Amino acid sequence: MSRWEKLKRNPRAAWAAFILIAVLLAVLPFLADTLLSRSWVRIIDFVLLYIILALGLNIVVGFAGLLDLGYVAFFAVGAYLYALLASPHFGIHLPFWALLPLGAGVTCIFGVLLGAPTLRLRGDYLAIVTLGFGEIIRIFLNNLNAPINITNGPQGVNKIDPVSFGGFSLNQSHQLFDINFPSVHNYYYLFLALTILVIFISMRLQDSRIGRAWVAVREDEVAAKAMGINTRNIKLLAFAMGASFGGVGGGLFAGFQGFISPESFTLIESIMILCMVVLGGMGNIAGVVLGVVLLVVLPEALRYIGPFEQALFGRVIVDPADLRMLIFGLALILVMLFRPAGLLPSTIRKREFEAEDEVEAQNGARA
Amino acid sequence: MTLLEARSVSKHFGGLLALDEVNLSLQNGEIYGLIGPNGAGKTTLFNVLTGLYSPDHGEFFFNGEKLIATKPHMIAERGIARTFQNIRLFGNMSALENVMVGRHVRTRAGVIGAVLRDARTREEEDGIRSRAFALLQYVGIAEYANNLSSHLSYGDQRRLEIARALATEPKLLALDEPAAGMNATETAGLKKLLEIIRGDGVTILLIEHDVKLVMGLCDRVAVLDYGKKIAEGSPQQVQRDPAVIEAYLGGV
Ligand SMILES: Nc1ncnc2c1ncn2[C@@H]1O[C@H](COP(=O)(O)OP(=O)(O)OP(=O)(O)O)[C@@H](O)[C@H]1O
Ligand SMILES: [Mg+2]
C-alpha cells in the first residue's frame, strides 16, 4: 500500500493534509511574491491556466485515447470569442459571467464540428487530421481581416476587457483587510477556483458511466461497440468536453493578457499541452497536473542559467536560451526513457493489491 | 417460439464467399451449436449478425422483428450480446469495470449526472456496481474483481467476457469458441455455466470446435462449410451426416 493509500484510510491525516494544501494554495501568490518575484505569480497563474487546458486535452487523449494534435484550436476559439465580445474591436463589452459559459458552449460546438469528420480515424491518421484542423483555425484567424475585418488578422485584438465582476475589475489592485491584492493575485484566485472546478469535473467524469465508456473505446473500440456503446456519440462527447475546457482556458487567457494574436495558437502550443499530458501520466489527473507544473515552471527556472553561468565562469559561455531548450528536451527524453507511462501513471495497477480486501468485505457483507 | 432467424444471409470478401445464402432459425431457450472446419464462415456470421459487418444480402429477424439497425450498439440494445474468438477485453480495466461497461446500454447517466452525482445517478451507479459484482460471482471469478482483466488466466478471461456480455441483459448470447484454450476441467466448468445461463432463460448461439462440448450441450447443431450450411439437426443426426463427415475429413 502506498503512502497515499494509507493517507486516504486515515481521515484525520487526510484532513490535516487537506487543510495544509488549502492554506498553502491560499497564500501561494504572497509566498511567491515575497520569496521570488512578482513575475513568478504570473507564472503560477499560467500553471493554473495550463492545468485547465491540459485536463481538457486529457479527456480526449488520456480518457478516450484520441490523439488530438489540434487542441490549440479550441484554446484559440475561446480566446477570440472573448476578445471579440469584450473589446473595442467591435465595441461589444459582454460581462465575464456571460462570456465564460458562452465560450464553453461555443467551443463545445466547435469540438463536435471538428471531431465529426475524424470519427473513423485512429492513431496517426487522427493526429495528422487534427493537426491540420488546428492550423486551419489559426490561418483563418490570421486572414479573417478582409474583406470584412473580423479577427484583425496578424495584428491581433488589443485592449481586451479585463475580467471583472460588476465594477470589480481583476486588473486593479484591491485592498482587503489591509492586504493589498495586485492584479496577478486576483487572477490567481479566479484561475484557482476554475482549476479546482475543472479538476472536480474531470474526477467525476472519470469515475462514471461516461468515463468508463471513454476508456472502453480507448481499450478496444470493436468490443465497446459490441457491448452497446454508441462509439460515435461517446467520442464526440470527449471532443466536446475537451474543447469546452480549452474554450474556458482561452477566454481566461484573453482577459488576463488583454491582447491576443494568432501567434499564440501555433502547433507548438498544441504539442506543449500534449507533452504536459503525456509527461505526467496520460489519463491520470494528478499526473497531468504534475506535468503542467513541471513543463511551465522548468523553462522559467532554467532562465536563471544565464546569471548562474555569469557567476560561475565570469561570462556567459552558452546562450542561456539554447541551453534552456536543450536541458528541457533532455529532461523530456529522460522521463520518457525511464518512466514511459509518465511520472504518475494511472493508478489502476495499484488496485490489484486491494482486490483481496474487497472480496473479503463483499463476502462478509453477504454472509 | 423462434428467437432468431437468418434468411439467406450472404457475405463475401473480395472473391471469397464467406457466407452463402445461410438460413438459420433459433428457438427461444435452446443452445444452438454452429460448427464447421476452419474458415467455414462461423465468425463471419457472428460479425454480420452483430452489425460489425453488413451482409451483402439477406436479413435477420430477432424476436419477431427485422433487425434493421445495423449498428453494433443497436444490436446490443436489442438484446444480442457476444464474445470474441480472440478475446477482446478492456485490458487496462479491472474485471469488475469490464462488466460495468456492459451495463452501459441499460443505464442512462450522462455528463450532468456524472458531475452532479445526484441521488438518481448514485443509485444507478450503485446498481451497476452491485450487478457487475453479482455477475462476476455468477460466472465464478468474483475473487478477481479488482484485477486487471489482462492479468487473468485464459479461462477466466473467457468467463469474464461472458459476464460482460450478460451485463447487457441479452436474450441471445452468442459465444465464439468459448472453450478455446481451456483445459478439460475448465471446459467442464464452462459447460455447467452455459447450462445455468440457459436455465436462466438466455438463448445461446455457440461456435465451438470441442466436439464433446457441442455434443453434450447443444439441442441442435448447424454445420457450415465454405460459407454454406450443409447440415442441421440434433447433434447425433449431424454426427452421422455423410456431408458433415465429408466436410471434416474430405479436406484432410
Ligand atoms: N475481414 C475479413 N476480410 C477478408 N476475409 C475475411 C475477413 N473475415 C473473414 N474472412 C475470411 O472469410 C472466411 C471465413 O472466416 P471466418 O473467420 O468466418 O471462419 P471461421 O469459421 O470462424 O473459422 P475458425 O474456425 O478458424 O474461426 C475465411 O476464409 C476468412 O479468411
Ligand atoms: Mg472463427
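Chain identifiers are assigned alphabetically (A, B, ...) following the order of the sequence lines, protein sequences preceding nucleic acid strands; residue numbering begins at 1 within each chain. In this text, all values refer to a predicted model and were calculated from it rather than measured experimentally.
- Within 6.0 Å of CD1 in Ile112(B) there are 12 or fewer heavy atoms belonging to other residues, nucleotides or ligands.
- Taken from CD in Glu219(A) to OG in Ser149(B), the straight-line distance is 7.5 Å, to the nearest 0.5 Å.
- Contacts of residues 51-69 of chain A with chain B at a heavy-atom distance below 4.5 Å are absent; not one residue qualifies.
- Contacts between residues 101-108 of chain B and chain A, counted as heavy-atom pairs separated by less than 4.5 Å, involve Val101(B), Gly102(B), His104(B), Val105(B), Thr107(B), Arg108(B).
- Note that CG of Asp220(A) is 12.0 Å distant from CD1 of Ile87(B), once rounded to the nearest 0.5 Å.
- At a heavy-atom separation below 4.5 angstrom, chain A is approached by Thr168(B) within residues 168-180 of chain B.
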- [ ] Decide side-chain contact (heavy atoms from CB on, under 4.5 Å) for Arg209(A) and Thr121(B); before the verdict, give the C-alpha distance in whole Å, the side-chain angles of both, and the deciding distance to 0.1 Å.
- [x] CA-CA 9 Å; Arg209(A) 171 174 175 270; Thr121(B) 311; over 6 Å; no
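- The heavy-atom pair separating Ala114(B) from Leu205(A) by the smallest distance is CB-CD2, 4.0 Å.
- Val111(B) and Ile210(A) get closest at one heavy-atom pair: N-CG1, 4.1 Å.
- Across Ala223(A) and Phe90(B), no two heavy atoms sit closer than the pair CB-CE2, 3.8 Å.
- Comparing Glu77(B), Arg117(B), Met100(B) by heavy-atom pairs within less than 4.5 Å of chain A, the highest count is held by Arg117(B).
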When the side chains of residues 224-234 of chain A are checked against the rest of the protein, which donor-acceptor pairs come out under 3.5 Å, sequence neighbours left out?
{"from": "Asn230(A)", "atom 1": "OD1", "to": "Arg232(A)", "atom 2": "N", "distance (Å)": "3.3"}
{"from": "Asn230(A)", "atom 1": "OD1", "to": "Asn233(A)", "atom 2": "N", "distance (Å)": "3.3"}

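- Ranked by heavy-atom pairs under 4.5 Å with chain A, the first of Glu124(B), Arg88(B), Glu125(B), Arg164(B) is Arg88(B).
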- [ ] Assess whether side-chain contact (heavy atoms from CB on, under 4.5 Å) is satisfied between Val222(A) and Leu52(B), documenting all intermediate values.
- [x] CA-CA 8 Å; Val222(A) 171; Leu52(B) 289 178; 3.7 Å; yes
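- Atom CD of Gln85(B) is surrounded by more than 12 heavy atoms from other residues, nucleotides or ligands within 6.0 Å.
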